[in-house]
Amino acid sequence: MLITIVSTLMLMLAYFLLLYGAVGFIQDKRFFSSAPKENLAVIPDKKERFRGAHVIGWAIVVFAVLLFIGAFALGIWDGARNQFGALKFFARFITMLYLMEIYDILFFDWYLLCRSNFFIHFYPELKSVDRSHFFGYNKKEHIMHFITYIPVCAGLALGCGVLFS
(Lines give C-alpha, C1' and ligand atoms only; values in the text may rest on other atoms or scores of the structure.)
Protein backbone atom coordinates (compact mmCIF):
# COMPACT_ATOMS: atom_id res chain seq x y z
CA MET A 1 0.00 0.00 0.00
CA LEU A 2 2.85 2.39 0.80
CA ILE A 3 4.33 1.94 -2.69
CA THR A 4 0.92 2.65 -4.22
CA ILE A 5 0.73 5.91 -2.27
CA VAL A 6 4.30 6.88 -3.19
CA SER A 7 3.66 6.06 -6.85
CA THR A 8 0.46 8.09 -6.79
CA LEU A 9 2.26 11.07 -5.26
CA MET A 10 4.89 10.75 -7.99
CA LEU A 11 2.10 10.87 -10.61
CA MET A 12 0.60 13.96 -8.99
CA LEU A 13 3.96 15.73 -8.91
CA ALA A 14 4.63 14.75 -12.52
CA TYR A 15 1.21 16.02 -13.57
CA PHE A 16 1.83 19.38 -11.86
CA LEU A 17 5.30 19.70 -13.36
CA LEU A 18 3.89 18.97 -16.79
CA LEU A 19 1.41 21.81 -16.36
CA TYR A 20 4.03 24.14 -14.88
CA GLY A 21 6.55 23.51 -17.66
CA ALA A 22 3.95 24.00 -20.39
CA VAL A 23 2.10 26.99 -18.90
CA GLY A 24 4.98 28.76 -17.18
CA PHE A 25 7.82 28.33 -19.63
CA ILE A 26 6.90 26.81 -22.99
CA GLN A 27 3.67 28.84 -23.30
CA ASP A 28 2.47 27.25 -26.51
CA LYS A 29 -1.32 27.31 -27.00
CA ARG A 30 -1.20 23.79 -28.46
CA PHE A 31 -0.76 22.53 -24.88
CA PHE A 32 -3.93 24.29 -23.73
CA SER A 33 -6.45 22.36 -25.81
CA SER A 34 -8.35 21.32 -22.68
CA ALA A 35 -8.55 24.88 -21.31
CA PRO A 36 -11.91 26.67 -21.23
CA LYS A 37 -12.70 28.38 -24.54
CA GLU A 38 -13.00 31.76 -22.79
CA ASN A 39 -9.40 31.44 -21.63
CA LEU A 40 -8.09 30.39 -25.02
CA ALA A 41 -9.74 33.40 -26.63
CA VAL A 42 -7.79 35.92 -24.53
CA ILE A 43 -4.46 34.10 -24.24
CA PRO A 44 -2.07 35.64 -26.76
CA ASP A 45 0.51 33.67 -28.69
CA LYS A 46 3.71 34.38 -26.80
CA LYS A 47 7.31 34.09 -27.62
CA GLU A 48 9.80 33.17 -24.91
CA ARG A 49 9.23 35.10 -21.69
CA PHE A 50 12.99 35.29 -21.32
CA ARG A 51 15.96 33.78 -23.07
CA GLY A 52 16.07 30.04 -22.34
CA ALA A 53 12.49 29.78 -21.05
CA HIS A 54 11.56 27.13 -23.61
CA VAL A 55 14.63 25.06 -22.75
CA ILE A 56 13.74 25.20 -19.05
CA GLY A 57 10.12 24.32 -19.85
CA TRP A 58 11.06 21.35 -22.01
CA ALA A 59 13.50 20.13 -19.34
CA ILE A 60 10.68 20.26 -16.78
CA VAL A 61 8.32 18.44 -19.17
CA VAL A 62 10.89 15.71 -19.88
CA PHE A 63 11.50 15.28 -16.16
CA ALA A 64 7.73 15.05 -15.60
CA VAL A 65 7.38 12.34 -18.26
CA LEU A 66 10.26 10.41 -16.68
CA LEU A 67 8.56 10.78 -13.31
CA PHE A 68 5.31 9.35 -14.79
CA ILE A 69 7.25 6.38 -16.14
CA GLY A 70 9.10 6.02 -12.84
CA ALA A 71 5.85 5.94 -10.87
CA PHE A 72 4.56 3.01 -12.91
CA ALA A 73 7.98 1.33 -12.94
CA LEU A 74 8.09 1.53 -9.13
CA GLY A 75 4.58 0.07 -8.88
CA ILE A 76 5.42 -2.74 -11.29
CA TRP A 77 8.79 -3.49 -9.68
CA ASP A 78 7.28 -3.70 -6.20
CA GLY A 79 4.39 -5.82 -7.46
CA ALA A 80 6.77 -8.22 -9.16
CA ARG A 81 8.93 -8.37 -6.05
CA ASN A 82 5.88 -9.16 -3.91
CA GLN A 83 4.48 -11.64 -6.46
CA PHE A 84 1.33 -9.70 -7.26
CA GLY A 85 -1.22 -11.38 -9.45
CA ALA A 86 -3.20 -9.54 -12.09
CA LEU A 87 -5.90 -8.52 -9.61
CA LYS A 88 -3.47 -6.83 -7.22
CA PHE A 89 -1.74 -5.08 -10.12
CA PHE A 90 -5.13 -3.90 -11.36
CA ALA A 91 -6.05 -2.58 -7.91
CA ARG A 92 -2.76 -0.70 -7.70
CA PHE A 93 -2.99 0.85 -11.16
CA ILE A 94 -6.65 1.83 -10.91
CA THR A 95 -6.02 3.37 -7.49
CA MET A 96 -3.09 5.37 -8.84
CA LEU A 97 -4.96 6.68 -11.87
CA TYR A 98 -8.26 7.36 -10.10
CA LEU A 99 -6.47 9.31 -7.36
CA MET A 100 -4.56 11.25 -10.02
CA GLU A 101 -7.86 12.10 -11.75
CA ILE A 102 -9.40 13.24 -8.47
CA TYR A 103 -6.29 15.37 -7.91
CA ASP A 104 -6.81 16.84 -11.38
CA ILE A 105 -10.42 17.71 -10.59
CA LEU A 106 -9.81 19.17 -7.14
CA PHE A 107 -6.39 20.77 -7.50
CA PHE A 108 -6.14 21.77 -11.15
CA ASP A 109 -9.76 22.51 -11.98
CA TRP A 110 -11.20 23.70 -8.70
CA TYR A 111 -8.19 25.36 -7.08
CA LEU A 112 -5.72 26.41 -9.79
CA LEU A 113 -8.29 27.33 -12.43
CA CYS A 114 -11.15 28.72 -10.34
CA ARG A 115 -9.66 29.96 -7.07
CA SER A 116 -5.98 30.84 -7.41
CA ASN A 117 -4.01 33.25 -9.56
CA PHE A 118 -1.79 30.52 -11.01
CA PHE A 119 -2.78 31.08 -14.63
CA ILE A 120 -3.17 34.85 -14.19
CA HIS A 121 0.44 34.99 -13.01
CA PHE A 122 1.58 33.74 -16.41
CA TYR A 123 -1.24 35.30 -18.45
CA PRO A 124 -2.40 38.63 -16.96
CA GLU A 125 -4.93 38.83 -19.81
CA LEU A 126 -7.04 36.28 -17.91
CA LYS A 127 -7.91 38.82 -15.18
CA SER A 128 -10.87 39.95 -17.28
CA VAL A 129 -12.31 36.42 -17.52
CA ASP A 130 -14.82 35.32 -14.87
CA ARG A 131 -13.41 32.02 -13.63
CA SER A 132 -16.04 31.13 -11.02
CA HIS A 133 -18.14 29.05 -13.43
CA PHE A 134 -15.27 27.01 -14.88
CA PHE A 135 -15.40 24.21 -12.32
CA GLY A 136 -16.81 21.21 -14.11
CA TYR A 137 -16.39 22.64 -17.61
CA ASN A 138 -14.57 19.45 -18.64
CA LYS A 139 -16.63 16.87 -16.75
CA LYS A 140 -17.17 14.80 -19.90
CA GLU A 141 -13.38 14.43 -20.26
CA HIS A 142 -13.05 13.37 -16.63
CA ILE A 143 -15.83 10.80 -17.00
CA MET A 144 -14.13 9.46 -20.13
CA HIS A 145 -10.85 9.20 -18.22
CA PHE A 146 -12.51 7.25 -15.40
CA ILE A 147 -14.03 4.87 -17.94
CA THR A 148 -10.89 4.57 -20.09
CA TYR A 149 -8.69 3.81 -17.08
CA ILE A 150 -10.52 0.53 -16.46
CA PRO A 151 -9.45 -1.27 -19.66
CA VAL A 152 -6.03 0.39 -19.60
CA CYS A 153 -5.38 -0.83 -16.06
CA ALA A 154 -6.82 -4.24 -16.87
CA GLY A 155 -4.46 -4.57 -19.82
CA LEU A 156 -1.45 -3.44 -17.79
CA ALA A 157 -2.43 -5.73 -14.93
CA LEU A 158 -2.89 -8.75 -17.18
CA GLY A 159 0.44 -8.06 -18.83
CA CYS A 160 2.19 -7.72 -15.49
CA GLY A 161 0.36 -10.72 -14.04
CA VAL A 162 1.43 -12.93 -16.95
CA LEU A 163 4.95 -11.54 -17.08
CA PHE A 164 5.70 -11.78 -13.37
CA SER A 165 3.68 -14.82 -12.21
Side-chain angles (χ1 to χ4, degrees), residues 3-79 89 92-127 129 131 134-153 155-156 159-160:
I3 296 298
T4 303
I5 292 168
V6 170
S7 295
T8 303
L9 291 173
M10 289 170 65
L11 287 178
M12 291 174 179
L13 176 61
Y15 205 15
F16 176 75
L17 289 174
L18 195 63
L19 175 79
Y20 184 62
V23 170
F25 294 96
I26 298 172
Q27 295 192 326
D28 189 328
K29 284 176 93 169
R30 291 178 293 174
F31 294 115
F32 307 145
S33 62
S34 66
K37 303 294 181 243
E38 295 91 336
N39 283 11
L40 285 175
V42 298
I43 293 175
D45 291 319
K46 288 194 173 188
K47 299 193 188 293
E48 280 189 309
R49 296 181 72 187
F50 56 88
R51 188 178 206 166
H54 289 167
V55 172
I56 292 170
W58 281 109
I60 292 170
V61 166
V62 167
F63 179 73
V65 169
L66 292 174
L67 198 55
F68 271 117
I69 294 167
F72 279 96
L74 176 63
I76 292 168
W77 169 79
D78 179 68
F89 273 116
R92 172 170 282 171
F93 297 145
I94 201 78
T95 299
M96 289 167 57
L97 290 177
Y98 275 14
L99 287 174
M100 184 185 74
E101 195 68 23
I102 291 167
Y103 166 76
D104 179 7
I105 293 167
L106 295 177
F107 184 66
F108 285 9
D109 296 351
W110 183 76
Y111 181 71
L112 288 183
L113 182 63
C114 298
R115 303 289 184 272
S116 78
N117 288 323
F118 178 81
F119 292 98
I120 292 173
H121 175 75
F122 298 107
Y123 298 98
E125 302 83 8
L126 292 174
K127 278 187 182 178
V129 177
R131 299 171 295 149
F134 285 155
F135 186 68
Y137 78 97
N138 57 350
K139 64 183 155 211
K140 288 180 184 174
E141 288 178 31
H142 289 301
I143 291 168
M144 285 307 300
H145 289 167
F146 278 113
I147 293 168
T148 304
Y149 290 158
I150 295 169
V152 168
C153 291
L156 276 170
C160 289

Original post:
Minimum heavy-atom separation for Ile26 to His54, with atom names?
Top reply: O-NE2, 3.1 Å
Subject >> Heavy-atom pair of closest approach, residues Leu67 and Leu17 >> reply: CD2-CD1, 4.4 Å
**OP:** Any chance you could measure Glu141, atom CD, to Glu101, atom CD, to the nearest 0.5 Å?
**Re:** 9.0 Å
**OP:** State which residues pass side chain to side chain contact (heavy atoms under 4.5 Å, CB included) with Val55; sequence neighbours excluded, sorted by chain then number.
**Re:** none
**OP:** Only counting residues at least two apart or in another chain, list the ones meeting side chain to side chain contact (heavy atoms under 4.5 Å, CB included) with Thr95.
**Re:** Thr4, Leu99
Original post:
Looking at CE of Met100 and CG of Leu11, how far apart are the two atoms once the value is rounded to the nearest 0.5 Å?
Top reply: 6.0 Å
Original post:
Of the non-hydrogen atoms in Cys153 and Leu97, which two are nearest, and what is the gap between them?
Top reply: SG-CD1, 3.5 Å
Original post:
Which heavy atom in Met10 sits nearest to a heavy atom in Leu74, and how many Å separate them?
Top reply: SD-CD2, 3.9 Å
Original post:
Where do Gly75 and Arg92 come nearest, in terms of heavy atoms and distance?
Top reply: O-NH1, 2.8 Å
Original post:
Between Tyr103 and Tyr15, how do the two ring planes meet: parallel, tilted or perpendicular, split at 30° and 60°?
Top reply: tilted
Original post:
From Phe68 CZ over to Leu13 CG, what is the distance, rounded to the nearest 0.5 angstrom?
Top reply: 9.5 Å
Subject >> For Phe25, all residues meeting ring pair (Phe, Tyr, Trp, His ring centres under 6.0 Å), sequence neighbours excluded >> reply: Tyr20
Subject >> Centroid separation Phe93 to Tyr149 less than 6.0 Å >> reply: no
Subject >> Atom pair CG/CZ of Leu19 and Phe107 - distance to nearest 0.5 Å >> reply: 8.5 Å
**OP:** Please assess Tyr98 against Ile150 for the test side-chain contact (heavy atoms from CB on, under 4.5 Å), listing each intermediate value before the final yes or no.
**Re:** CA-CA 10 Å; Tyr98 275 14; Ile150 295 169; 3.4 Å; yes
